[in-house]
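Data first, discussion second: the structure below is written as structure tokens.
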Amino acid sequence: MLFLYLLFVLLVGLLLFLLFYWLIIDTEGAFLGRRVVVWLYDLTAHRYDAIKEFDTADEEHLVVRPLMAALADCPAPVILDVATGTGRVPFDLLQQPTFTGTLVAVDASSRMLAQARRKLAPYGTRCQLRRHAATPLPFPDAQFDAVTCLEALEFLPSDEDALREMTRVLRPGGVLMTTRRKGSEAHLFLHRHRSETQMVRLLQEMGLTQVHCQLWQINYDLIMARKSPT
Ligand SMILES: C[S@@+](CC[C@H](N)C(=O)[O-])C[C@H]1O[C@@H](n2cnc3c(N)ncnc32)[C@H](O)[C@@H]1O
């Protein structure tokens, strides 16, 4: 009897541990709401860049070049980075001598933004940082030449609402750069996970054209699209 009781306690403990691991570690609070996600990012903000180990050459090749190529006809683009975290996209772009644009970057985590502020200090007013949720965005329609949102859609309360907001604030002909979670870990996001086909269809339904989904990292595809010029 005691053995069965111990086995039962062990099984319940194991199940609770797996549930905790899935909710907090695997999906980073995505099923527990925005406050939990942001709280977790606040907790780990000081270690984020060390964990990610961004490589300057990779960032230039994988983020900067495709974005600048898509904006080649725009001499001083105004770019919005949604869920900027520690300011990855602004930092990547502002380091480039050939980038002459400006940025606005929003994130809901004040501690992630504090890291971004420290990194972006040398660039003065060329990047404005704002603490704000991804939906709704605090900007008028058609304000930005490009909107970026990397490695964040799966953590937002609704990726569809967020993408709609990003599209709204893009000018006609403007560029969207975002990512799609993929690989075995992506399936842990259950119904929040979108296949490539589903993601491309969703973006096309929102009025985006030239939707292009390409291999980017083990866990992510990079998606580029353009808002219809009309
Ligand atoms: C994995 S990080 C990505 C950061 C950055 N884009 C990058 O590529 O390094 C996800 C970011 O999304 C932010 N975030 C999560 N939920 C958010 C929300 N509802 N609104 C705005 N930002 C949010 C987090 O604070 C975190 O900084």
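Both counts, for ligands and for their atoms, begin at 1 and track the order of listing.
- Of the heavy atoms in Trp39, none comes closer than 4.0 Å to ligand 1.
- Taking the six-membered ring where tryptophan is involved, the planes of Tyr21 and Phe17 are tilted, since the angle between them lies from 30° to 60°.
- Comment: Arg181 engages Glu154 in a salt bridge, judged by a side-chain N to carboxylate O separation of less than 4.0 angstrom.
- Classification of Glu160 and Arg164 as a salt-bridged pair holds, one side-chain N sitting under 4.0 Å from a carboxylate O.
- Close contacts between ligand 1 and Leu150 involve ligand atoms 3 (C), 5 (C), 6 (N), 7 (C), 8 (O) [criterion: under 4.0 Å to a heavy atom].
- Near Glu151, meaning under 4.0 Å from one of its heavy atoms, ligand 1 places the atoms 1 (C), 2 (S), 3 (C), 10 (C).
- Regarding atom 19 (N) of ligand 1, its nearest protein heavy-atom neighbour is Arg34 CD, 3.0 Å.
- Neither the backbone nor the side chain of Val106 has a heavy atom within less than 4.0 Å of ligand 1.
- For ligand 1 and Met112, the ligand atoms under 4.0 Å from any heavy atom of the residue are 27 (O).
- Glu60 and Gln95 share no side-chain donor-acceptor pair at under 3.5 Å.
- Counting heavy atoms from C-beta outward, Asp107 and Tyr41 have side chains that stay 4.5 Å or more apart.
- The protein atom (non-hydrogen) at minimum distance from atom 8 (O) of ligand 1 is Arg88 NH1, 2.9 Å.
- Taking any N or O of Tyr41, backbone or side chain, none lies under 3.5 Å from an N or O belonging to ligand 1.
- Among all protein heavy atoms, the one lying closest to atom 25 (O) of ligand 1 is Asp107 OD1, 2.7 Å.
- For the pairing with Met166, the side-chain contact (heavy atoms from CB on, under 4.5 Å) check across Thr148, Leu176, Leu80 returns one residue only, Leu176.
- The ligand atoms of ligand 1 that sit less than 4.0 angstrom from a heavy atom of Phe54 are 9 (O).
- At least one heavy atom of Pro157 sits less than 4.0 Å from an atom of ligand 1.
- Listed by number with element, the atoms of ligand 1 under 4.0 Å from a non-hydrogen atom of Val37 are 15 (C), 16 (N).
- For atom 7 (C) of ligand 1, the nearest protein heavy atom (residue, atom name, distance) is Tyr48 OH, 3.4 Å.
- Salt bridge Arg88/Glu151: present, at least one basic N to carboxylate O contact under 4.0 Å.
- Set against the non-hydrogen atoms of Gly85, the atoms of ligand 1 under 4.0 Å away are 4 (C), 27 (O).
- Between the side chains of Asp49 and Thr86, at least one donor N or O lies within less than 3.5 Å of an accepting N or O.
- Taking distance alone, with nitrogen or oxygen atoms compared against 3.5 Å, Ala134 approaches ligand 1 more closely than that limit.
- Taking a 4.0 Å cut-off on heavy atoms, His132 registers as neighbouring ligand 1.
- Summary of contacts: the protein heavy atom closest to atom 22 (N) of ligand 1 is Ala108 N, 3.3 Å.
- Between Gln214 atom CD and Asp221 atom CG the span is 8.5 Å, to the nearest 0.5 Å.
- A side-chain donor-acceptor contact under 3.5 Å links Thr100 to the backbone of Pro75.
- Regarding atom 4 (C) of ligand 1, its nearest protein heavy-atom neighbour is Ala83 O, 3.4 Å.
- At a cut-off of 3.5 Å, with distance as the only test, a side-chain donor of Arg118 or Gln115 sits close to an acceptor on the other residue.
- Atom 23 (C) of ligand 1 has as its closest protein heavy atom Leu156 CD2, 3.9 Å.
- The pair Arg171-Asp145 counts as a salt bridge, with a side-chain nitrogen and a carboxylate oxygen less than 4.0 angstrom apart.
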